[in-house]
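As the structure lists them, so they are numbered: ligands from 1, and atoms in each ligand from 1. Only this structure's heavy atoms are used, side chains among them; waters, hydrogens and symmetry mates stay out. These figures come from a predicted structure and were not determined experimentally.
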Amino acid sequence: MKDVLYIVIPCYNEEEVLMETTKRLKEKLTNLISDKKISPKSKVMYINDGSKDKTWEMIEKIHKEEKNFTGICLSRNRGHQNALVAGLLTAKKYADVVISMDADLQDDINAIDEMLEKYYEGNDIIYGVRSARKKDTFFKKVTAEGFYKFMSWMGVDVVFNHADYRLTSKRVLDEFENYKEVNLFLRGIFPLIGYSSDIVYYERSERFAGESKYPLKKMLNFAFDGITSFSVKPIRFIATSGFILSFFSFVYLLYIIISKFLGGSTVSGWSSTVALICLFGSIQIFCIGVIGEYISKIYLETKARPRFALSKNLEEKNDKTSH
Ligand code: UDP
Ligand code: MG
């Protein structure tokens, strides 16, 4: 018996694309089921993220007409990442393996076959990675790729050019449930969970219809969230720059004092005042940085992230770790 696959899709005002997405995914599911790659109980689960248009009515209608389609509805708009979590954690109750993707058909659904193949080979997470961004505007390409580079420079473990098109096994989602943080940046969390993973490349196409629900402002917020949820480097930067500045100010102060004693030609009063301002200013920055270090420790503790996840345990015969 093959595994039950759930495809979870967050939808916010997606009435223009939902019919086409359903048509194409129905065909895909039918093929996968008849090829015996997934169980006939497999489904597509739409998550209505507080849409203001007819999205939910359409999801209800699709559910009535198609046996392999279902849906959940959030009480209000909570944003893409939260909608995705709602979908992943709900689908986990019924599925052995879950794939998340967008509603607008930008993610190539033909990559699903390869994802499943790699899953049956024993991988728990398969990241969908964009092989090229030919269809993206120059601006989107530069900002998006710059974002991934900046993130890894900041010490956040992210998969380059991977968004939220990914396959996860049930045991990964069980572990994921232990991450209780409210500021969500999913693509940073899954690499943290671990287990064997692989990558599937696909070409990202244009949005099938409608407009992007991710305007620049939301994108910047998202990037800021990603960095501050995973990295304490910005705080360390304050402490380090304060330390370096106070070192230079101190040397400068010494220089002024020595040249004063050696009878150098300083305008009396000015240099020493400036040097003292610099010195105390930079000492204060350094002290703020030190306080920041403690705050960052408190921050990491409050997240209470799990410290490990077991992959195998030889004491347990019927290890739940094998699929
Ligand atoms: N989305 C959502 N809630 C929101 C914004 C977006 O559920 O508040 C969904 C949206 O319906 C889509 C996915 O998130 O399925 C990605 O959004 P979009 O395609 O607009 O982003 P882009 O591809 O332009 O980055
Ligand atoms: Mg999109």
Can you work out which protein residues put a heavy atom within less than 4.0 Å of ligand 1?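 Residue list for ligand 1: Pro10, Cys11, Tyr12, Glu14, Asp49, Asn77, Gly79, His80, Asp102, Ala103, Asp104, Gln106, Lys140, Arg204, Arg207, Ser212, Lys213, Tyr214, Lys218.
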Using the rule given for salt bridge (charged side-chain N to carboxylate O under 4.0 Å, His left out), can you reason through Asp3 versus Lys170, listing the C-alpha separation, both sets of side-chain angles and the distance that settles it, and then say yes or no? CA-CA 10 Å; Asp3 288 357; Lys170 186 173 153 48; over 6 Å; no
Is a donor on one side and an acceptor on the other found under 3.5 Å between the side chain of Tyr46 and the backbone of Met58? no
Is there a donor-acceptor pair closer than 3.5 Å between any side-chain N or O of His162 and the backbone N or O of Tyr127? no
Under the 6.0 Å and 45° cation-pi test, does Arg171 pair with Tyr195?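 Ring-cation test returns yes.
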Salt-bridged, Glu20 to Arg24, with N to O below 4.0 Å? yes
Do the ring planes of Tyr94 and Tyr6 sit parallel (below 30°), tilted (30 to 60°) or perpendicular (above 60°)?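 Rings of Tyr94 and Tyr6: parallel, under 30°.
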Is Asp104 close enough to the Mg ion (ligand 2) to have an N, O or S atom under 2.8 Å? yes
